[in-house]
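Got a structure here, written out as structure tokens. Questions coming.
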Amino acid sequence: MFFEIIRSLDSYGLIKGDIKPGGLNITEVDICSTTGDLPNVHCPKTEKGLFIPGKSPIKVSDVHREIYIDKASGLRACQYDESTTTKAVYEFWPSDLVRLFKQAGIVKRQPPPYLDSCLINDTSTQGSAPTITSLSNLIIPIPLSM
């Protein structure tokens with residue numbers, strides 16, 4: 001973020017003199033423009049970003065994912081069949097970020113629901129969430145000394 005601020009200030013001519021990363025342990029890497037992480041194969045756009053090896057948090061983005069869409073219905077298919085499905089890339093953000101996007105008025109394209117034949121949306125075949133019915137067999141280790 002610091003380097004983005006510096007670049008922004010420099011683009012407005014607010015920084016005098018040359019700022020060069022020479023001698024610094026800084027590497028320029030391709031990052032996914034949408035997420036700021038290393039791009040995966042489905043990231044639609046990349047840009048250069050600065051990375052400090054061993055210090056900068058960096059991981060491969062998992063937001064952009066390819067899914068299968070049924071050509072006839074437009075619903076999500078559970079497996080790929082070239083004759084009946086097509087591939088599409090959607091963004092899968094964590095729920096807390098989806099909530100923030102909505103609050104900010106940012107609309108993200110949502111993947112369609114699965115076809116009924118996938119049984120993924122059918123809660124009757126999946127059962128209910130597990131529940132704790134007794135704590136009598138629960139063992140919690142407590143250290144005697146620290």
Side-chain angles (χ1 to χ4, degrees), residues 1-21 24-142:
M1 169 100 82
F2 170 76
F3 294 107
E4 292 298 322
I5 293 169
I6 296 299
R7 267 196 290 258
S8 180
L9 293 172
D10 186 41
S11 70
Y12 288 106
L14 299 174
I15 295 181
K16 306 296 181 209
D18 277 343
I19 296 178
K20 295 181 181 176
L24 299 177
N25 188 21
I26 298 174
T27 304
E28 194 171 60
V29 296
D30 286 326
I31 59 171
C32 183
S33 300
T34 310
T35 65
D37 294 327
L38 292 174
N40 69 8
V41 296
H42 303 297
C43 177
K45 185 178 175 196
T46 62
E47 62 184 55
K48 294 292 184 187
L50 298 176
F51 172 72
I52 304 171
K55 299 292 182 189
S56 297
I58 196 155
K59 66 180 180 83
V60 175
S61 176
D62 63 352
V63 168
H64 298 94
R65 299 181 206 160
E66 184 178 71
I67 64 171
Y68 310 129
I69 306 294
D70 180 66
K71 292 177 183 177
S73 67
L75 296 176
R76 191 170 175 180
C78 43
Q79 61 187 21
Y80 182 69
D81 178 347
E82 187 175 349
S83 63
T84 61
T85 58
T86 186
K87 297 177 182 179
V89 174
Y90 282 84
E91 294 177 7
F92 290 83
W93 293 93
S95 59
D96 56 337
L97 290 178
V98 170
R99 201 168 31 259
L100 286 175
F101 289 142
K102 285 182 182 177
Q103 288 175 353
I106 299 170
V107 178
K108 295 288 186 180
R109 181 176 74 141
Q110 296 296 308
Y114 281 93
L115 289 164
D116 288 337
S117 60
C118 291
L119 300 177
I120 291 176
N121 295 325
D122 185 1
T123 56
S124 66
T125 61
Q126 294 178 359
S128 59
T131 57
I132 297 174
T133 57
S134 171
L135 295 176
S136 62
N137 293 329
L138 185 63
I139 299 172
I140 302 173
I142 301 173

(message) So that I can tick it off, tell me whether K48 and D30 are bridged by a salt bridge, with the cut-off set at under 4.0 angstrom between side-chain N and carboxylate O.
(response)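 Salt bridge between D30 and K48, a charged N being under 4.0 Å from a carboxylate O: yes.
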(request) Look up atom CG in D70 and atom OG in S117, then write down how far apart they are to the nearest 0.5 Å. (result) 8.0 Å
(message) Once rounded to the nearest 0.5 Å, what's the spacing between atom CZ of R76 and atom SG of C78?
(response)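 Nearest 0.5 Å value for the CZ-SG distance: 10.0 Å.
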(request) Would you name the heavy atoms of L75 and P113 that are closest together and state the gap between them? (result) CB-O, 3.5 Å
(request) Please answer whether the main-chain N or O of H64 pairs with a side-chain N or O of N40 as donor and acceptor at a distance below 3.5 Å. (result) yes
(message) Counting only heavy atoms not in K55 (residues, nucleotides, ligands), do more than 12 fall under 6.0 Å from its NZ?
(response) no
(message) I want to check something: taking the side chain as every heavy atom from C-beta on, are V89 and P44 in contact at a cut-off of under 4.5 Å?
(response)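 No, too far: nothing below the 4.5 Å cut-off.
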(message) Suppose the criterion is disulfide bond (SG atoms under 2.5 Å apart): which pairs have a residue in residues 29-69, not counting sequence neighbours?
(response)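 Residue pairs with at least one partner in residues 29-69: C32-C43.
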(request) Go through V29 and I31 one step at a time and tell me if the side-chain contact (heavy atoms from CB on, under 4.5 Å) criterion holds. (result) CA-CA 6 Å; V29 296; I31 59 171; 3.9 Å; yes
(message) If you count every heavy atom of other residues, nucleotides or ligands that lies below 6.0 Å from K108 atom NZ, does the total exceed 12?
(response) yes
(request) Measure the shortest side-chain to side-chain distance between D81 and Y68 over non-hydrogen atoms and say whether it is less than 4.5 angstrom. (result) no
(request) May I ask you to decide if D37's main-chain N or O and S61's side chain share a donor-acceptor pair within less than 3.5 Å? (result) no
(request) Could you tell me which non-hydrogen atom of A77 sits nearest to which non-hydrogen atom of T85, and how far apart they are? (result) CB-CG2, 3.5 Å
(message) Counting neighbours of CD on E47 that are heavy atoms of other residues, nucleotides or ligands and sit closer than 6.0 Å, is the number greater than 12?
(response)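 Result for CD/E47: enclosed.
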(message) Would you say that L38 contacts F51 through its side chain, given a criterion of any heavy-atom pair below 4.5 Å between the two side chains?
(response) no
(message) Counting C-beta onward and ignoring hydrogens, is there a side-chain heavy-atom pair between I69 and I67 closer than 4.5 Å?
(response) yes
